[in-house]
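Working notes, beginning with the structure itself.
If you're wondering where the values come from, they're calculated on a predicted model, not measured in any experiment. Order of the sequence lines sets the chain letters (A, B, ...), proteins ahead of strands, with each chain counted from 1. Only this structure's heavy atoms are used, side chains among them; waters, hydrogens and symmetry mates stay out.
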Protein chains: 2
Amino acid sequence: MNKIEVILVDDHRIMCEGLKSMLSDSHEITVMGCVRNLSELLIKLRILPIHVILLSCYEPGDHDIEMIRIIQREHPQIKILILAMTAQESFILRTLKAGAKGFLSKDADRNELIESILTIRNGYDYYSKSISEIILKRYLNQPGNNNAQRNQPAGVLSDREMEVLKLYAESYTNQEIADKLFVSIRTVESHKNNIMRKINLKTTVDMVKFAIRNNLIEI
Amino acid sequence: MNKIEVILVDDHRIMCEGLKSMLSDSHEITVMGCVRNLSELLIKLRILPIHVILLSCYEPGDHDIEMIRIIQREHPQIKILILAMTAQESFILRTLKAGAKGFLSKDADRNELIESILTIRNGYDYYSKSISEIILKRYLNQPGNNNAQRNQPAGVLSDREMEVLKLYAESYTNQEIADKLFVSIRTVESHKNNIMRKINLKTTVDMVKFAIRNNLIEI
DNA sequence: CCGAAATTCAGTGTTTTACGCAAGGATGAT
DNA sequence: ATCATCCTTGCGTAAAACACTGAATTTCGG
């Protein structure tokens, strides 16, 4: 059987070299290259026969999600394995939705790294232990989403409420938000009240922290 | 000559293993262990003859600075080399003040890693290229610190201001902070004004985000 | 079509913040 | 002794936020 051809994506060269070094004496895996960003990756993907992409994610944010989407669209046959430095629930779920096939936590060791690559190469999904729990909790505990749940963190907010929330987190005042959205300040206040009631928050600062925790804004 | 005995400090096991793997075939360096936090480190330092500590810093915050201070105090002969994922100026300067002897950027490669360990082992300081520039700009451009500088990012806040800042970031109102600190609300307002003037912020939300970025509070 | 939710807006009054101005006492370094 | 900084407090006005109640319009699934 041919070796699995892997490419590493990590903005930190030192991390890339470390991973490469870790995989270098594996019989099943060949590291075909290390790249630092999406554009370098896309170039390599056009000329190299890659099976698996190992993508390091440091900050939970839209950036990596977008990258996954693009890779999936251009190269749907390539499996994407996430090496995540965060275990943030919302981020994990978003990478899965975007098309990642596996998830490694920062606490993985060499064995788990190799095992996960083999697993997703064979068409199965792979999740680190700690992460499996989170996914289970999320997807099994809450059977349907047909009724309004009042206690789950995000998702319950409407589009408009999400929009308003982001603006608050970006330091806009009520009036500024109203002007930006071409609505009355009353509307904005109303949205704010609804947001805080839904997520069960008390202050604007709590709201900002909620937005940050859930990657609604850049920090 | 004996090999240089190095210990790795990184919360991400996968990173530890990668670094270890990178250093494993060096003739000059022996990796004596990987630890994930300060308490594990202190235990190891009592039983192992360590020359150099390679400390990974992901988020610029007080946490790592404090760690450096403690290590320096307990083991002043050991050289601390920072592997920083951030190039944030204020953070770099703070690690130096705390006692770090060298600085590697995330863009370092294996050669630079080894070279930097050898350098600080020999008693010299080592700074990555990109970081040298920053330090140069900072220390050569501004000859002394005998006059009041109004533009440096952090570190300029007094203890009390830091305390107030944290309380704001924890959602307390002016009045609540005043009660908590047994001072007048005017005092609190005054502190807030000074904080925002010093760091050049406009709103409370900005202040909260600053606190989060600098790890002053849990999020 | 109906009903629930989302989105919009208003009144009224209270509370909290924002912001500029001024200043006294303590501490510490030069 | 002097100067800077820190911590403290005060006042007043304008702006913003908050609390509470009520309601019209749109949207969208069943």
Side-chain angles (χ1 to χ4, degrees), chain A residues 144-152 154-211 216, chain B residues 97 142-211 216:
Chain A
N145 52 350
N146 45 352
N147 54 349
Q149 292 121 327
R150 276 293 125 95
N151 50 355
Q152 64 193 26
V156 293
L157 294 185
S158 70
D159 291 346
R160 196 59 154 177
E161 284 163 350
M162 199 65 84
E163 206 175 351
V164 172
L165 173 55
K166 283 184 196 177
L167 291 172
Y168 274 115
E170 284 166 6
S171 311
Y172 291 101
T173 65
N174 287 345
Q175 190 58 60
E176 285 168 346
I177 295 173
D179 294 343
K180 233 174 171 54
L181 300 181
F182 301 108
V183 295
S184 147
I185 191 172
R186 300 298 182 173
T187 308
V188 177
E189 288 175 349
S190 184
H191 283 312
K192 184 179 187 180
N193 280 331
N194 291 332
I195 292 167
M196 298 214 293
R197 183 179 43 75
K198 282 185 177 180
I199 325 185
N200 196 28
L201 301 174
K202 286 207 176 301
T203 70
T204 307
V205 170
D206 289 329
M207 219 166 60
V208 171
K209 294 202 279 189
F210 174 84
L216 301 180
Chain B
K97 260 187 206 155
Q142 302 186 350
N145 53 349
N146 44 350
N147 54 348
Q149 292 122 328
R150 272 296 124 93
N151 50 355
Q152 62 194 26
V156 292
L157 294 186
S158 69
D159 292 346
R160 197 59 155 178
E161 284 163 349
M162 200 65 83
E163 204 175 353
V164 171
L165 173 56
K166 284 183 194 176
L167 291 173
Y168 273 115
E170 284 165 7
S171 309
Y172 292 101
T173 65
N174 287 344
Q175 190 58 61
E176 286 168 345
I177 295 173
D179 295 343
K180 231 174 170 57
L181 300 181
F182 301 109
V183 295
S184 148
I185 191 172
R186 297 297 179 177
T187 307
V188 177
E189 288 175 350
S190 185
H191 283 312
K192 184 179 188 180
N193 281 332
N194 290 332
I195 292 167
M196 298 213 294
R197 182 179 44 74
K198 282 184 177 181
I199 323 185
N200 197 28
L201 302 174
K202 285 207 174 304
T203 70
T204 307
V205 170
D206 288 331
M207 221 166 57
V208 171
K209 294 201 277 189
F210 175 84
L216 300 180

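- Using a 4.0 Å heavy-atom criterion, one finds that A:Thr204 contacts the sugar-phosphate atoms exclusively.
- Between B:Arg197 and the options B:Asn194, B:Leu201, B:Asn193, a side-chain contact (heavy atoms from CB on, under 4.5 Å) holds for only B:Asn194.
- Closest to the B:Ser158 side chain, of the nucleotides D:dC7, D:dC6, C:dA10, is D:dC7.
- Each end of the helix from C:dC1-D:dG30 to C:dT30-D:dA1 gets its own axis, taken as the rotation carrying the C1' atoms of four end pairs onto the next four within a five-pair window, and the two axes meet at 60° to the nearest 10 degrees.
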Give every donor-acceptor pair under 3.5 Å between a side-chain atom in residues 174-182 of chain A and any protein atom, sequence neighbours left out.
unit_1	atom_1	unit_2	atom_2	d
A:Asn174	OD1	A:Tyr168	OH	2.4
A:Gln175	NE2	A:Asp179	OD1	3.1
A:Glu176	OE1	A:Thr173	N	2.9

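- Relative to the side chain of A:Ser184, the nucleotides D:dG10, D:dA17, C:dA10 differ in distance, and C:dA10 lies closest.
- Distances from the side chain of A:Val183 to the nucleotides D:dT9, C:dT8, C:dT17 place C:dT8 closest.
- The side chain of A:Arg160 sits closest to C:dT8 out of D:dC18, D:dT8, C:dT8.
- Salt bridge status for A:Arg160 with A:Glu163: present, with a side-chain N to carboxylate O gap under 4.0 Å.
- Evaluation of atom-type donor-acceptor distances gives no pair under 3.5 Å for the side chain of B:Arg186 against the base of C:dG24.
- Residue B:Asp159 places its side chain closer to D:dC7 than to any other of D:dT8, D:dC7, C:dT8.
- In the set C:dT17, C:dA6, C:dT8, the nucleotide with an atom closest to the side chain of A:Lys198 is C:dA6.
- Among C:dG11, D:dT8, C:dT17, the nucleotide with an atom closest to any side-chain atom of B:Thr173 is C:dT17.
- For B:Asn174, a side-chain nitrogen or oxygen approaches OP1 or OP2 of C:dT17 to under 4.0 Å.
- Between A:Lys192 and A:Glu189, no side-chain nitrogen of the basic residue sits less than 4.0 Å from a carboxylate oxygen of the acidic one, so the salt-bridge criterion is not met.
- A:Glu170 has its side chain within reach of A:Leu167: a pair of non-hydrogen atoms, C-beta onward, lies under 4.5 Å apart.
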